[in-house]
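I have placed the structure first, in the form of structure tokens, so that the comments after it can refer back to it.
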Amino acid sequence: MIKIVGLGPGAKEALTIGTICELENNKNIFLRTEKHPTVNYLKEKSITFDTYDSVYESIGSFDEVYLNIANDLIKKHDELGDLVYAVPGHPLVAEKSVFNLIELCKDYGIEYKIMPAVSFIDAMIESLRIDPIEGLKVIDAFDIGNQILDKRIGTIITQVYNQLIASEVKLKLLDQYNDETEIYYVRAAGIEKQESIRKIPLFELDMQEDIDYLTSIYIPKDLKNKKDFNDLLEIIEILRSEDGCPWDREQTHKSLEKALIEESYEVLDAIEQDDDNSLIEELGDVLLQIVFHASIGKEDGYFDISDIIEGICNKMISRHPHVFKKSSELNSSEEVLAKWDELKKKEKGYDSITEEMRGITKGLPSLLRAHKVQEKAKKVGFDFDDVNFAINKVKEELEEVIDVYNTENVEKIKEEIGDLLFSCVNVSRFLKVDEEIALNYTIDKFIKRFDYIERRAKEKNVNLTDMSLNEMDELWEISKTIG
């Protein structure tokens, strides 16, 4: 049998009677590490043992160290018979080697027993006067990159062994907490004459001079810290509640349609201006729209934000089998896009190119929708041979507009104008020019030149309405020469 015991947080008073009896009555005793205050007490009682400290020096990663220890204990059991494996704290708290050992015992049919023990968490709770019923999360510093931090509950982070680890922990915490956040720095919790507990600002964590293997930190619950996604959800729920805002309460999916489009375009504008601060603000406005719709969906009982997140996560995983399932190897963006279209077609159940065209949302800007429809037709070869054919088509459609513009047939005029614009998109597509960007560029150019006309008119104390078209044309031509 392998008996697994815990040496407690460090004070000899925290050793259980059962653990002392096991250590005194067994000759095959192995310690994960000698670097623990309780070990001195074992030496005083003339308890002999071997340790695995040398493994830490010979193997690079901690995962490999803990697996190596577990494998060696199985070999030692085969050679020596019954043995005791002792670890700091409680065997089942932040002890990867113990869990590795348990799995190996199950695989080899070896009986094992875990003895009751006091963990470092008990010592932290006692020293800091924490009531865990209010919520407490315990994180291994080595695993903090895989953890979700939450300001709504107190958090203990253990095994902050050195300043390098402390720096990594600090950087991760700064993603969720303000740098001035008060945290508790705890060293040697529960060990008389060694325990040190002090409040420090988070940004000073890796500046402490006494960081060692007995160091842990505690971040108290702090609802007023950095705002997070859950805060946004709560704000919208408050705004739409009976005690909230009348305007927010009145909104529906339909009434918010225009706002979503406008906010999306403002994001594009911020990108075009290369303005990060503006981009942060505008992306926030788009996120607000998403949360708004999620809140309405929740109230209606049809869906909530979790359904939205679940849906997009599943879509991204299913559309990237080459990443998440390793089922194929795609080596270029073109291959990825082709695979994306193939998977989308399968998901939507499209059986024809026409169905794919109809599946392109009418909510898109018309120029972009036209481009996408033309790309679908191109997939089966229904396209011009080159740009010259596309240009000739523009000329043809322009003639047709000229033929009908003097008539009173409004529907025919609308049709011919549409044909002309559709043909212009074809030319842009062949020339690999984004139609929306090109048109917006021209609009901005028009505004800039008109601004020149308006400013010159003001300099002359002339109202634009009093200027002739020829006078404005002259200024327009000048504006072209100054960029």
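All values reported here derive from a predicted model rather than from experimental measurement. We use all heavy atoms of the structure for the numbers below, so side chains are in, but hydrogens, waters and symmetry mates are not.
Ion pairing between a basic and an acidic side chain is recognised when a charged N comes within 4.0 Å of a carboxylate O; D206 and K170 show such pairing. Between K414 and D419 there is no salt bridge, since none of the side-chain N atoms of the basic residue sits less than 4.0 Å from a carboxylate O of the acidic one. Between D212 and R187, at least one side-chain N (NZ, or NE/NH1/NH2) sits under 4.0 Å from a carboxylate O, which counts as a salt bridge. For the pair K393 and E396, the salt-bridge criterion is met [side-chain N within less than 4.0 Å of a carboxylate O]. The pair D341-K345 does not meet the salt-bridge criterion, since no charged nitrogen lies less than 4.0 angstrom from a carboxylate oxygen. A salt bridge is defined here as a Lys NZ or Arg NE, NH1 or NH2 lying under 4.0 Å from an Asp or Glu carboxylate O, and E257 with K254 meets this definition. A salt bridge links K96 to D63: at least one charged side-chain nitrogen sits closer than 4.0 Å to a carboxylate oxygen. Salt bridge status for E95 with R32: present, with a side-chain N to carboxylate O gap under 4.0 Å. R152 and D228 are joined by a salt bridge, as a carboxylate oxygen and a charged side-chain nitrogen come within less than 4.0 angstrom of each other.
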Next item on the list: May I have the step-by-step check of side-chain contact (heavy atoms from CB on, under 4.5 Å) for T181 and F203, ending in yes or no?
Entry: CA-CA 8 Å; T181 299; F203 74 89; over 6 Å; no

Checklist line | Criterion side-chain contact (heavy atoms from CB on, under 4.5 Å) on I353 and M357, from CA distance to verdict | finding: CA-CA 6 Å; I353 297 296; M357 289 179 177; 3.8 Å; yes

Note to self: Run the side-chain contact (heavy atoms from CB on, under 4.5 Å) test on I360 and K376 for me, step by step, so that the C-alpha distance in whole Å, both residues' side-chain angles and the decisive distance to 0.1 Å come before the verdict.
What the structure shows: CA-CA 10 Å; I360 299 170; K376 295 293 183 185; 4.0 Å; yes

Next item on the list: May I have the step-by-step check of side-chain contact (heavy atoms from CB on, under 4.5 Å) for I139 and T158, ending in yes or no?
Entry: CA-CA 6 Å; I139 296 174; T158 184; over 6 Å; no

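Here the side chain of S255 pairs no donor or acceptor atom with the backbone of Q251 at under 3.5 angstrom. Judged by distance alone, with hydrogens and angles left aside, the side-chain atoms of S278 form no donor-acceptor pair with the main-chain N or O of D275 at under 3.5 Å.
Within 6.0 Å of CG in D386 there are more than 12 heavy atoms belonging to other residues, nucleotides or ligands. For R358, the CZ atom counts as loosely surrounded, since its 6.0 Å shell holds 12 or fewer non-hydrogen atoms of other residues, nucleotides or ligands. Remark: E477 CD is packed, more than 12 non-hydrogen atoms of other residues, nucleotides or ligands lying under 6.0 Å away. Taking a 6.0 Å sphere around NZ of K298, one finds it holds 12 or fewer heavy atoms contributed by other residues, nucleotides or ligands. Enclosure of atom CD in E299 by more than 12 non-hydrogen atoms of other residues, nucleotides or ligands within 6.0 angstrom is indicated.
Residues V65 and V55 have side chains in contact (heavy-atom distance under 4.5 Å, counting atoms from C-beta outward). Here the side chains of L136 and I153 are not in contact, with every heavy-atom distance at 4.5 Å or above. For the pair F30/T51, no side-chain contact is recorded, criterion being any heavy-atom separation below 4.5 Å from C-beta on. In this structure, the side chains of Y52 and L73 come closer than 4.5 Å at one or more pairs of heavy atoms. Considering only heavy atoms from C-beta on, K344 stays 4.5 Å or farther from E356 through its side chain. Taking the side chain as every heavy atom from C-beta outward, Q289 and D285 never approach each other to under 4.5 Å. Put simply, the side chain of I309 reaches to within 4.5 Å of the side chain of C313, judged on heavy atoms.
Classified by interplanar angle (parallel below 30°, tilted 30° to 60°, perpendicular above 60°), the ring pair Y66/Y56 is perpendicular. Taking the six-membered ring for Trp and thresholds of 30 and 60 degrees, H320 and W340 have ring planes more than 60 degrees apart, a perpendicular arrangement.
Using modelled atom types, one finds no donor on one side chain facing an acceptor on the other under 3.5 Å when comparing E329 with H322. D243 and S241 share no donor-acceptor pair across their side chains, judged by distance under 3.5 Å alone. Side-chain contact annotation: N146 with D143, donor-acceptor N/O pair under 3.5 Å present.
Of the inter-residue distances, the one linking N225 atom CG with I219 atom CD1 reads 10.5 Å to the nearest 0.5 angstrom.
Aromatic ring centres of F142 and Y161 lie closer together than 6.0 Å.
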